[in-house]
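Data block below; observations after.
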Amino acid sequence: MNTMQLRWNDLADVKRELAARDWFPGTSGNLSIKVDDASFLVTASGKDKRKETKEDFLLVDSQGAAIEGFAGKPSAETLLHVEVYGKTDAGCSLHVHTIDNNVISELYGDKGEVTFTGQEIIKAFGIWEEHASVTVPIIPNYANIPKLAEEFGKYVSADAGAVLIRNHGITVWGRDAFEAKKFLEAYEFLFSWHIKLLILKGR
Ligand SMILES: CSCCC(=O)C(=O)COP(=O)(O)O
Ligand SMILES: [Zn+2]
């Protein structure tokens, strides 16, 4: 099996697991995985990502242009994945729309970021101190994708990270598929925990 096929299988596994969580409502969401310095696999645009087909992913070059031999169109948001691979050594980038990430993005959108403190799951990010904090930037949901990608890129420097797009979704990246999925799950846990606490406390 060549590298592209191995990475295809890795991304298909992640896609299946996120689909089982129902994190692809209404065809939303897009996923990518690096194949080498010149190319990555990205989900095809507009498809129901809960379905598994032979046309689920396309190979694109480092600028996000489709490489011949693959059916369909690359994700409309491929340029955000281009930012991740162009600016870091990350190996996988995951974008999902959930109710929880949308609610958090709207609640804290004016602040431009949201911070969580004193939650055990923060250890999933490799931060083991007591009372540790994790902060996620929140950017406006520009309809113009190159502009959205440019704004998103301002927060992309480390090999792992996350950016919330207001009333849209979250993009999380990591060194490989395992790490990106772990971080995505941890962020979604924090969002859900925070919203439930706010509701129960009546704030
Ligand atoms: C129906 S969701 C609108 C587009 C979007 O935000 C998304 O994540 C999916 O776009 P894609 O082109 O990757 O299918
Ligand atoms: Zn989206």
Side-chain angles (χ1 to χ4, degrees), residues 14-15 17-32 43 49-50 75-77 79-81 83-84 88 90 92-145 147-174 177-203:
V14 173
K15 180 171 159 291
E17 290 185 40
L18 302 188
R21 293 181 174 277
D22 205 14
W23 282 355
F24 297 127
T27 74
S28 65
N30 37 76
L31 316 176
S32 72
T43 42
K49 280 93 187 184
R50 287 170 289 218
S75 166
E77 294 166 354
L79 284 183
L80 279 74
H81 301 268
E83 290 292 314
V84 170
T88 75
C92 183
S93 168
L94 308 173
H95 168 73
V96 296
H97 302 197
T98 67
I99 299 286
D100 289 341
N101 68 38
N102 273 256
V103 168
I104 291 289
S105 77
E106 177 59 18
L107 277 177
Y108 295 95
D110 286 348
K111 238 180 124 191
E113 62 180 33
V114 58
T115 297
F116 304 95
T117 309
Q119 228 298 338
E120 177 70 8
I121 205 146
I122 288 173
K123 289 178 182 167
F125 303 109
I127 310 167
W128 291 81
E129 296 95 64
E130 251 175 67
H131 311 299
S133 290
V134 62
T135 296
V136 185
I138 305 169
I139 63 172
N141 185 27
Y142 298 117
N144 179 283
I145 299 296
K147 186 173 178 187
L148 181 66
E150 189 186 338
E151 185 64 23
F152 170 81
K154 292 177 186 169
Y155 300 93
V156 179
S157 56
D159 295 345
V163 174
L164 275 163
I165 308 167
R166 192 168 181 170
N167 285 325
H168 177 160
I170 191 169
T171 297
V172 179
W173 62 97
F178 174 84
E179 188 176 82
K181 185 172 76 73
K182 176 174 74 163
F183 290 168
L184 174 60
E185 289 173 343
Y187 282 120
E188 291 292 334
F189 179 106
L190 286 170
F191 300 155
S192 181
W193 165 74
H194 189 71
I195 291 165
K196 287 185 177 69
L197 267 184
L198 289 180
I199 292 170
L200 290 169
K201 289 178 174 174
R203 288 180 198 162

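Nothing fancy with the numbering, it's 1 onward along the sequence.
With values rounded to the nearest 0.5 angstrom, Ser28 atom OG is found 8.0 Å from His168 atom NE2. Annotation: the span from Leu80 atom CG to Trp173 atom CH2 amounts to 9.5 Å, rounded to 0.5 Å. How far CD1 of Ile104 is from CD1 of Ile138: 8.0 Å, rounded to the nearest 0.5 Å. Atom OG of Ser133 sits about 8.5 Å away from atom CD1 of Ile127, to the nearest 0.5 Å. With values rounded to the nearest 0.5 angstrom, Leu79 atom CG is found 11.0 Å from Phe152 atom CZ. The structure places OH of Tyr187 at 9.5 Å from CZ of Phe116, a figure rounded to the nearest 0.5 Å.
Ion pair Asp110/Arg166 flagged as a salt bridge, since at least one NZ, NE, NH1 or NH2 atom sits closer than 4.0 Å to an Asp/Glu carboxylate oxygen. Between Arg21 and Glu185, at least one side-chain N (NZ, or NE/NH1/NH2) sits under 4.0 Å from a carboxylate O, which counts as a salt bridge.
For the side chain to side chain donor-acceptor pair (under 3.5 Å) with Asn30, the lone residue among Lys15, Lys49, His81 that qualifies is His81.
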Chi angles and distances behind the side-chain contact (heavy atoms from CB on, under 4.5 Å) call for Gln119, Phe189: CA-CA 10 Å; Gln119 228 298 338; Phe189 179 106; 3.6 Å; yes

Ser93 and Thr171: CA distance, side-chain angles, deciding distance, side-chain contact (heavy atoms from CB on, under 4.5 Å) verdict: CA-CA 7 Å; Ser93 168; Thr171 297; 3.6 Å; yes

Intermediate values then yes/no, side-chain contact (heavy atoms from CB on, under 4.5 Å), Asn141 and Asn167: CA-CA 7 Å; Asn141 185 27; Asn167 285 325; 5.6 Å; no

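A heavy-atom distance below 4.5 Å is not found between the side chains of Leu94 and Trp23. Counting heavy atoms from C-beta outward, Phe191 and Ile170 have side chains that approach closer than 4.5 Å. You'll find the side chain of Thr117 stays beyond 4.5 Å of the side chain of Ile122, heavy atoms only. The closest side-chain heavy-atom distance from Asp100 to Ile195 is below 4.5 Å.
Residues Val14 and Ala177 approach most closely at CG2-CB, 3.7 Å, considering heavy atoms. For the pair Ala186 and Ala124, the tightest heavy-atom approach, listed with the atom from each and the gap, is CB-CB, 3.8 Å. For the pair Val172 and Ala162, the tightest heavy-atom approach, listed with the atom from each and the gap, is CG2-CB, 3.9 Å. In plain terms, the two heavy atoms of Gly29 and Thr43 that are nearest each other are O-OG1, 4.5 Å. Between Asn101 and Glu188, the shortest heavy-atom contact is ND2-OE2, 2.7 Å. Smallest separation of non-hydrogen atoms from Leu18 and Val96: CD1-CG1, 4.1 Å.
With a 6.0 Å radius and a threshold of 12 heavy atoms from other residues, nucleotides or ligands, Ile99 has its CD1 atom at or below the threshold.
When the salt bridge (Lys or Arg N to Asp or Glu O under 4.0 Å) test is applied to Glu151, the partners found at least two apart in sequence or on another chain are Lys154.
Checked by atom type and distance alone, the side chain of His131 never pairs as donor or acceptor with a backbone atom of Gly118 at under 3.5 Å.
The aromatic rings of His194 and Tyr108 lie tilted to each other, with the angle between the two planes from 30° to 60°.
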